[in-house]
Amino acid sequence: MREKLEQIGRMAREEIAALAQNKESRAEALEAVRVKFLGKKGEITSVLRGMGALSAEERPVIGQLANEVRSEVEKLIDKTKKEIENAELEYKLRAEEIDVTMPGKHSEAGRLHPITQVLNEMTDIFVGLGFQVVDGPEVEYDLYNFEKLNIPKNHPARDTQDTFYINENIVLRTQTSPVQVRVMEKTRPPIRIVSPGRVYRSDAVDATHSPLFHQMEGLVVDKGVTMTDLKGTLELFAKKLYGENARIKLRPHHFNFTEPSAEVDLCCFNCGGKGCRICKGEGWIEILGAGMVHPKVLKGCGIDPEVYSGFAFGMGIERVVMGRFSVNDLRLFYENDVRFLKQF
Ligand code: PHE
């Protein structure tokens, strides 16, 4: 029995030592060894069961030896278990290690399109003056795009705006002015709005023409609004956008939906009025159309022109953007070549 116990001790040591070779599932293999030697049906237990057959002198001696072997095996298993756990933790830490010297993942940040940037800036100026920003549909009724703006069918004024017709009654809006009508039909004065957005005209594409472009409409209706208010507002706007030295002038013009009407010119920001390439030698650059809202238009929207008056203006955005960024070909804004867009 003594030999048997010593043999058990040796075997246990060997098997535990052999575990080191076994890279995977060492924890399970160790548990199997524990069961084999220390379990209820294990080797040492079976030796202890046979102790009854021993003499009274032998029993304590063998009993002590059995305890020694058991505690040795137990200690060895505990120690190995710790080693395995440490090794696994080490492995895990290594696997999850972050190499801070590796190059980071670079994500390109997008940016606002130059037209959007300028449009936002222009809108902000008017918001600062107490205007509200409203939106209107790009697919619009002929009724709003022309008729209610005092441009009846067959009127020559329609010829200046080559129109995309969806059908006889529906068009792609050629101007943002229909928003004036939509607002005046729904709201009572005082009205103070701007409405930026896309407009469409059937123009051939070249450096200064595009079938899609942008406008910003403005409308003010209240008691006692005069042409002076229009001029003052636009002058202030020009100074905010182009700097304190900016100057504008009003030139008589004709629009069906305003009376009187004017075109507004900006003193060339490049040459200061002397005449240069940008202003084509004129010294002035036309920036917008404007005027006092026609009494017929007010009446058509249910606003009494005897009580209320108003002014309206509509400006093209592209020209402002081209001036701001010194871009001389409109097409660049719509090709969306990132090499171009990245510059703004
Ligand atoms: N809608 C006109 C255009 O596109 C501009 C305009 C707007 C003129 C408002 C007067 C008043 O040419």
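Whatever order the structure lists them in is the order used to number ligands and atoms, beginning at 1.
Numbered from 1 in the order shown, with element, the atoms of ligand 1 that lie under 4.0 Å from a heavy atom of Phe257 read 1 (N), 2 (C), 6 (C), 7 (C), 8 (C), 9 (C), 10 (C), 11 (C). Within ligand 1, the atoms closer than 4.0 Å to a non-hydrogen atom of Gln180 are 9 (C), numbered from 1 in the order shown. Atoms of ligand 1 found under 4.0 Å from any heavy atom of Gln175, numbered from 1 in the order shown, are 1 (N), 2 (C), 3 (C), 4 (O). Heavy-atom proximity to Gln215, at under 4.0 Å, picks out these atoms of ligand 1: 3 (C), 4 (O).
Between Thr258 and ligand 1, not a single N/O pair is under 3.5 Å apart.
Contact annotation: His254 has no heavy atom less than 4.0 Å from any atom of ligand 1. Not a single heavy atom of Met315 sits under 4.0 Å from any atom of ligand 1.
Judged by distance alone, the side chain of Thr258 and the main-chain N or O of Ser261 form no donor-acceptor pair under 3.5 Å.
Between Phe313 and Phe126, the gap from one ring centroid to the other is short of 6.0 Å. Side-chain rings of Phe164 and Tyr200 stay apart, their centers remaining 6.0 Å or farther from each other.
The side chain of Arg201, and not its backbone, has at least one atom closer than 4.0 Å to an atom of ligand 1 (non-hydrogen atoms only; side chain from C-beta on). Within the 4.0 Å heavy-atom criterion, the part of Ala290 lying near ligand 1 is the backbone and not the side chain.
The CD1 atom of Ile151 sits 7.0 Å away from atom CG of Asn145, with the distance rounded to the nearest 0.5 Å.
Checked against Asp265 for a salt bridge (Lys or Arg N to Asp or Glu O under 4.0 Å), the options Arg247, Arg251, Arg319 give a single hit: Arg251. Looking at Glu217, Gln180, Arg201 one by one, the single match for side-chain contact (heavy atoms from CB on, under 4.5 Å) with Gln175 turns out to be Arg201.
Using bins of under 30°, 30° to 60° and over 60° for the plane-to-plane angle, the ring pair Phe340/Phe344 lands in the perpendicular bin.
Of all protein heavy atoms, the one lying nearest to atom 9 (C) of ligand 1 is Glu217 OE2, 3.3 Å. Residue, atom and distance of the protein heavy atom nearest to atom 12 (O) of ligand 1 are Phe255 CE2, 3.8 Å.
Proximity annotation for atom 5 (C) of ligand 1: of Ala312, Gly218, Gly314, Gly314 comes nearest, heavy atoms only.
Residues Ser210 and Tyr334 approach most closely at OG-CE1, 3.6 Å, considering heavy atoms.
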